[in-house]
Amino acid sequence: MPLLSALHAVQDAHGFLPPEQLDQLACRYGLSPAELDGFVSFFSGFRTHPLSENSLRVCTGPSCRMAGLVDALSAPGAVPAPCLGRCDQAPVTLAANLATNLAEDDEAPVYPPGHWDWLGQFVVGAQRTRLLATLEASSLTGMGGAGFPMYRKMATVAAASAPTKYVIANADEGEPGTFKDRDLIRRHPDEILAGVVLACRLTGASRGYVYIRHDYPKAYQKLLKTVEQMEGDGLINGGAPSSLMPSITVVRGGGAYICGEESALIASLEGRRGEPSPGPPYPAEQGLFDAPTLVQNVETLLYLSRIARNGADWYRQGGVGRRHFSVSGAVQRPGVYEHPCDVTAATVLAAAGGLTPGDTLKAFIPGGASSGFLPPSALNTDLTNEALAPLDSVSGTGGIVFIPESACLIDLATGLMDFFADESCGQCDPCRLGTATLAHGLGGLKQGRVMPQSQMVETANAMATLSICGLGQWSPLVLTSLLRHFPDDITAHGQGVCPAGICSMGEGS
Ligand SMILES: Cc1cc2nc3c(=O)[nH]c(=O)nc-3n(C[C@H](O)[C@H](O)[C@H](O)COP(=O)(O)O)c2cc1C
Ligand code: SF4
């Protein structure tokens, strides 16, 4: 059992991690107490002390921030939490005790007998080869943010001659403004897990993991129940694991945004602190326990299932594929919407019912917090990396946040940069110092204090070029997008005026 799962089991049972239980775990996993402490303390989801009854996590993500939730932080027992992945329900608070949350189980999904019979055809080698060709023809790219073609990673793992290979479904979703994975797992756990089974069959992997964000308890329960049903149907978790009947384990993360990054995720699954080690070698060559490992976002695996059943042409209807967008902020019907990959934000906004009455659009985040802010003039730009590149942005996770004139971009940017500074694993200086410097600079602007622009730009450039993983490379966009598209907001704050009247100018200056 991964160390993460053993820790969660103890915490579920006791509400926290009692010292004697930690001692036992250290013995069981061959770790010194200091090593175990180093692992536990890396994550925000583990507690070494009991929680008070009224402990409440208050989401500080952009949509909740706009909904005024940071005010709830003054309540007794309230603690700030990074974006809780429920932006469609903003403002969001969660009981801090995850065991309590786990008890709030949804109805279990029940699938009729034969529900997964269609998977049977992919036991035959020729059909698997055909599916690989279909996948290549579909041009399906990853939905976790990096947008890498799935076929290429799949082919690398499939071609590797190694005694053990792994598939990891990444559901660690933590990018502020993004909640599609939580929604998709709750609605389609059967297709996502079928995608994991298919990925094992296509790559020759005998073991699969679904790594799910620790504070998605209902989605976690859905996966567990669905795994049980697949076991009952004889599809997974038989005797000796094989690529045709793989073992599949659902693992909860410990509460660290960086563990969504694939090498950090693998480290945490191995029982090491979630510090990225970017390739080469990449996980497809040398991943979990040094074995070839296919890491895919859960939405990508959902589409693998659908492409296996419906073909490449179905996926590429209209010339491009499709994806799910998390839509939140000042919209009438926030939620998860499926659109062609080259949809514009204007179309996404219209499908979500348009802006909330009385609001005027100030800006939007096109693809999760690391994609920065764009002005309304970009509404008709395709949400693809190619089309967004001239605007210095990316399609990222497809988490779109519509921001009204009543919100303050400096305030939102400060919240996001604080988040990145908190979540930086700290192992490389440009990111550790850079996120802190930009958070400090933006926080100062909220109070009318100006950090020289050259210092901010130099810091952002150093982060983008010298950081070793995507957190440090992409997070400066939060600042640079403001400098490029919203210079007036920066100037106004520098002169002690918050146009939205949100920042408390002069406080602490
Ligand atoms: C800081 C950071 C956080 C990430 N978080 C996630 C995540 O929560 N879920 C995810 O699927 N990918 C995440 N990624 C991307 C993964 O490293 C990896 O590219 C992805 O899981 C591969 O799957 P895909 O090709 O299907 O997108 C993150 C990357 C970075 C740099
Ligand atoms: S860029 Fe940031 S999060 Fe990534 S390895 Fe460096 S310090 Fe860690």
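Ligands are counted one by one from 1 in listed order, and the atoms in each one are counted from 1 as well.
- Close contacts between ligand 1 and Gln296 involve ligand atoms 23 (O), 24 (P), 25 (O), 26 (O) [criterion: under 4.0 Å to a heavy atom].
- Counting the atoms of ligand 2 from 1 in the order shown, those under 4.0 Å from a heavy atom of Gly426 are 7 (S), 8 (Fe).
- If you number the atoms of ligand 1 from 1 as listed, the ones under 4.0 Å from a heavy atom of Asp172 come out as 8 (O).
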- Query: Does the salt bridge (charged side-chain N to carboxylate O under 4.0 Å, His left out) test come out yes or no for Arg213 and Asp181, once each step is laid out?
  - Reply: CA-CA 10 Å; Arg213 181 173 176 170; Asp181 292 346; over 6 Å; no
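- One N or O on the side chain of Thr293 and one on the backbone of Ala291 form a donor-acceptor pair closer than 3.5 Å.
- Under a 4.0 angstrom heavy-atom cut-off, Tyr257 registers as being in contact with ligand 1.
- Listed by chain and number, the protein N, O or S atoms at a distance under 2.8 Å from atom 4 (Fe) of ligand 2 are Cys469 SG.
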- Applying side-chain contact (heavy atoms from CB on, under 4.5 Å), run through Arg86 and Tyr216 and close with a yes or a no. CA-CA 10 Å; Arg86 293 157 172 85; Tyr216 282 178; 4.0 Å; yes
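- In terms of polar-atom proximity, Asp181 is not counted as a contact of ligand 1, lacking any N or O under 3.5 Å from an N or O of the ligand.
- For the atom pair CE (Met150) and CD (Glu136), the distance works out to 13.5 Å, reported to the nearest 0.5 Å.
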- Would you please test Ile236 and Val197 for side-chain contact (heavy atoms from CB on, under 4.5 Å) and show each step? CA-CA 8 Å; Ile236 58 171; Val197 170; 3.6 Å; yes
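- With Asn310 contributing its side chain and Arg306 its backbone, the two residues share a donor-acceptor pair below 3.5 Å.
- Not a single donor-acceptor pair under 3.5 Å links the side chain of Tyr303 to the backbone N or O of Leu140.
- Although no hydrogens or angles enter the test, the distance criterion places no donor-acceptor pair under 3.5 Å between the side chain of Ser206 and the main chain of Pro241.
- In this structure, OG1 on Thr164 lies 11.0 Å from CG on Asp290, to the nearest 0.5 angstrom.
- In terms of polar-atom proximity, defined here as any N/O pair under 3.5 Å, Gly144 does make such a contact with ligand 1.
- By the 30° and 60° cut-offs, the orientation of the rings of Tyr337 relative to His339 is parallel.
- The parts of Asn170 lying near ligand 1 are both backbone and side chain, judged by heavy-atom distances below 4.0 Å.
- For ligand 1, the atoms sitting less than 4.0 Å from at least one non-hydrogen atom of Thr300 are 24 (P), 26 (O), numbered in the order shown with element in parentheses.
- The main-chain N or O of Glu173 is never found under 3.5 Å from a side-chain atom of Lys180 such that the two would form a donor-acceptor pair.
- Protein heavy atom in closest approach to atom 18 (C) of ligand 1: Glu262 OE1, 3.7 Å.
- Residue-level proximity to ligand 1 for Met150 is absent, since no heavy atom of it falls below 4.0 angstrom.
- In this structure, Arg309 is not positioned above the aromatic face of Trp314 in the sense of NZ or CZ being under 6.0 Å from the six-membered ring centre and within 45° of the axis.
- With Tyr209 as the aromatic partner, Arg207 does not meet the cation-pi criteria of under 6.0 angstrom to the ring centre and within 45 degrees of the ring axis.
- One N or O on the side chain of Ser467 and one on the backbone of Met463 form a donor-acceptor pair closer than 3.5 Å.
- Nearest-heavy-atom check against atom 11 (O) of ligand 1 across Asn297, Val295, Thr397 picks out Asn297.
- When Glu261, Glu299, Met143, Gln473 are checked for heavy-atom proximity to atom 30 (C) of ligand 1, Glu261 turns out nearest.
- Heavy atoms of Glu173 found under 4.0 angstrom from ligand 1 belong exclusively to the backbone.
- Of the protein's heavy atoms, Lys153 NZ, 3.0 Å lies nearest to atom 25 (O) of ligand 1.
- Of all the listed residues (Gly368, Gly260, Ala169, Cys431), Gly260 holds the heavy atom that lies closest to atom 16 (C) of ligand 1.
- Distance from atom 19 (O) of ligand 1 to its nearest protein heavy atom, with residue and atom name: Ala146 CB, 3.9 Å.
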